[in-house]
Amino acid sequence: MNQQNKEKEAPLAARLRPRTLEEVVGQKDIIGKGKLLYRAIKADKLGSIIFYGPPGTGKTTLAMVIAGTTRSDFKQINATSAGKKDMEDVIASAKALRGGYGRRTILFIDEIHRFNKGQQDYLLPFVEDGTITLIGATTENPYFEVNSALISRSMVFELHPLSQEDVKKLIERAVYDKDRGMGAYNAVIDEDAEELLADIAGGDARHALNAVELAVLTTDRGSDGKIHITREVAQECIQKRVARYDKKGDNHYDTISAFIKSMRGSDPDAAVYYLARMIEAGEDPKFIARRIMICASEDVGNADPNALRVAVAASLAAERIGWPESQIILSQACEYVATAPKSNTADASITAARALVQKTGSLPIPSYLQDAHYTHAQDLGRGVGYQYAHLYEDHYSGQQYLPDEIRNVSLYAPSENGYEKNIRARMAALTGDDKYTKPQELLKRKDANQE
């Protein structure tokens, strides 16, 4: 009786949690009929697995479906509150069941990324020898947050945000299901309200269901005796779109990656969009400013030397002015960098130069370039033969500056974009060297090294 009351009083999202694979909405790419995970659950032949994905996508749901399907003993702990004693109790029980009855134990650890290295290491031998079958759930990238040894003994399944159609199915189930949903309240939901909730939920089923529950429980009945969930009611109950962003998680890195790639790809619309997403998520303006400065040098460089000036000035101005006005300054800077001509020769040249230094070591610097500003330096030949550039036409002597062993190496190849086209033309006219007529060779070499 107490269990029945507990289930009735549970939040709507918990009551609607699927009990079978057939009730699960979404994630058909991993649990669709005939898929590996579907077959393993149906056959009760599950190995250790890790479910990875944002909140509200069904990680715990799938674990509960497995719990209701398997003939194994199912244990559940949450890494935020469990300690070593809890794990020791599970392991002791698992050993007894395995030794006495030949029965497996499945251990579900929610938020497994919260376990430290020592706690994860404790589980390893018991996963390895089959004492337990591990199911881990995490919102963080397991390849960063879970021990590699555990990863290597598990299959990782990534769950994605639900589609709007999937969320709408769950909303309808929530409103009209009289057994586990809110159907007994005689509520109806308008189509545009359903669309709004599905859109703003951002693929998080729990967020949408919480809004439905709040709408039903707080809305007065109409003259027809029904509770009408209109668009206005839905807007009040869900209020704000879910911002999937964690400053230490995947969304942080994915968003900043998209921001940088949009500036690099000369798409100011996308750049300012991802800037807005970071701002809405509460990202540190100094962090955003640093990424704009890096992009200004790495991806624009001398194709437009002003890009770095704008980025640095924006960083200083944003710091001095503060929030929220500094968002305008960051927007200006990111739009400037996004629309500037592009060149990655600064990155390419220093990468090639460092590789050359690592390969050749500390080659002798030509003696005429060495420091001659001390007594008896010239007696040692230091600085003898140096050609002072300003004494020559165009302030160019043509003297060799690289060590003899690499005197013909080309490291900086100006591109044909923006101001670098002028640099290339000037260097070609100044030196007469045809290497400046083939500016893409170095870039291709760097790309090949990266591949």
Side-chain angles (χ1 to χ4, degrees), residues 3-33 51 53-65 68 137 139 159-245 251 276-277 280-281:
Q3 182 62 28
Q4 289 180 344
N5 290 335
K6 186 177 179 181
E7 289 179 359
K8 286 181 180 179
E9 293 172 2
L12 175 62
R15 298 200 308 271
L16 279 181
R17 183 163 281 153
R19 297 167 179 170
T20 67
L21 278 172
E22 287 68 30
E23 289 184 359
V24 176
V25 174
Q27 310 303 342
K28 295 305 179 187
D29 56 326
I30 63 171
I31 56 163
K33 203 164 186 177
F51 291 129
T57 53
K59 299 182 296 297
T60 304
T61 290
L62 285 177
M64 294 300 99
V65 168
T139 56
L159 279 65
H160 300 283
L162 301 183
S163 69
Q164 286 193 27
E165 289 305 311
D166 288 336
V167 176
K168 284 162 68 175
K169 287 179 185 176
L170 292 173
I171 290 172
E172 290 173 7
R173 187 183 293 179
V175 174
Y176 300 112
D177 188 311
K178 292 185 177 180
D179 181 23
R180 291 187 283 159
M182 310 294 288
Y185 288 84
N186 197 21
V188 292
I189 184 168
D190 293 349
E191 185 176 342
D192 59 349
E194 188 178 300
E195 291 280 352
L196 177 75
L197 291 178
D199 176 36
I200 293 183
D204 185 334
R206 191 183 300 110
H207 194 54
L209 296 179
N210 289 344
V212 169
E213 185 172 29
L214 182 62
V216 172
L217 295 177
T218 61
T219 303
D220 294 332
R221 296 186 183 277
S223 57
D224 58 359
K226 295 182 178 180
I227 295 173
H228 290 269
I229 305 176
T230 63
R231 182 182 177 87
E232 290 71 24
V233 170
Q235 181 70 66
E236 283 183 345
C237 291
I238 202 163
Q239 291 189 349
K240 189 173 182 180
R241 190 175 301 272
V242 177
R244 294 196 182 282
Y245 198 89
N251 293 114
R277 280 182 57 160
E280 284 298 309

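In this text, all values refer to a predicted model and were calculated from it rather than measured experimentally. The figures here come from the full heavy-atom set of this structure, side chains too, leaving out hydrogens, waters and symmetry mates.
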Test item: Tyr185 and Leu217 side chains (from C-beta on) under 4.5 Å apart, heavy atoms:
yes
Minimum heavy-atom separation for Leu197 to Ala211, with atom names?
CD2-CB, 3.9 Å
Which atoms form the tightest heavy-atom contact between Cys237 and Thr218, and what is the distance?
SG-OG1, 4.5 Å
Looking at Glu236 and Arg231, is there a salt bridge between them, counting it only when a charged N and a carboxylate O are closer than 4.0 Å?
no
Nearest 0.5 Å, what's the CG-CG distance between Leu162 and Leu170?
6.5 Å
I'd like to know if Lys168 pairs up with Glu165 as an ion pair, taking the criterion as any Lys NZ or Arg NE/NH1/NH2 lying under 4.0 Å from an Asp or Glu carboxylate oxygen.
yes
Starting at CD of Gln164, measure out to CG of Leu196 and round the result to the nearest 0.5 Å.
10.0 Å
Crowded around Lys226 NZ? As in, over 12 foreign heavy atoms under 6.0 Å?
no
For Gly202 and Pro161, the nearest pair of non-hydrogen atoms, with its separation, is O-CB, 3.9 Å
Considering only heavy atoms from C-beta outward, does the side chain of Val175 approach that of Val212 to under 4.5 Å?
yes
Student check: side-chain heavy atoms of Glu194 and Asp190 closer than 4.5 Å
no
Are any non-hydrogen side-chain atoms of Gln235 and Ile200 less than 4.5 angstrom apart?
yes
Got a second to check how far Glu213's CD is from Arg206's CZ, nearest 0.5 Å?
12.5 Å
Could you walk me through whether Arg19 and Glu23 pass the side-chain contact (heavy atoms from CB on, under 4.5 Å) check?
CA-CA 7 Å; Arg19 297 167 179 170; Glu23 289 184 359; 4.0 Å; yes
Does His160 have any side chain to side chain donor-acceptor pair (under 3.5 Å) partners at least two apart in sequence or in another chain, and if so, which?
none
Mind checking the CG-CG spacing from Leu21 to Leu62? Nearest 0.5 Å is all I need.
7.5 Å
Counting only heavy atoms not in Glu22, do more than 12 fall under 6.0 Å of its CD?
yes
Dump the intermediate steps for side-chain contact (heavy atoms from CB on, under 4.5 Å) on Leu209 and Leu16, then the final yes or no.
CA-CA 9 Å; Leu209 296 179; Leu16 279 181; 4.0 Å; yes
Would a distance-only check, ignoring hydrogens and angles, find a side-chain to backbone donor-acceptor pair under 3.5 Å from Lys59 to Gly53?
yes
To the nearest 0.5 angstrom, please state how far the NZ atom of Lys169 sits from the CZ atom of Arg173.
9.0 Å
Quick check: do Tyr176 and Val188 have side-chain heavy atoms less than 4.5 Å from each other?
yes
Do you know the tightest heavy-atom contact between Asn186 and Gly225?
ND2-O, 3.7 Å
Set out, in order, the CA-CA distance, both residues' side-chain angles and the distance that settles side-chain contact (heavy atoms from CB on, under 4.5 Å) for Thr219 and His228, then state yes or no.
CA-CA 8 Å; Thr219 303; His228 290 269; 6.0 Å; no
Determine whether Pro55 and Thr139 make a side-chain contact, defined as any pair of heavy atoms from C-beta on separated by less than 4.5 Å.
yes
So do Leu159 and Ile30 actually touch side chain to side chain, heavy atoms under 4.5 Å?
yes
Closest heavy-atom pair and its distance - Val216, Ala187:
CG2-CB, 4.1 Å
Hey, does the side chain of Asp177 reach the backbone of Arg180 with a donor-acceptor pair shorter than 3.5 angstrom?
yes
Taken to the nearest 0.5 Å, the spacing of Gln27 CD from Ser163 OG works out to 9.5 Å
Among Ile189, Asp166, Ile229, the one residue meeting side chain to side chain contact (heavy atoms under 4.5 Å, CB included) with Ile171
Ile189
Flag the pair Leu12 / Asn210 as yes when at least one side-chain heavy-atom distance between them is below 4.5 Å, and no otherwise.
no
Of all heavy-atom pairs between Ala208 and Ala201, which one has the smallest distance, and what is that distance?
CB-CB, 3.8 Å
Walk me through it: do Val24 and Ile31 pass the test side-chain contact (heavy atoms from CB on, under 4.5 Å)?
CA-CA 9 Å; Val24 176; Ile31 56 163; 3.2 Å; yes
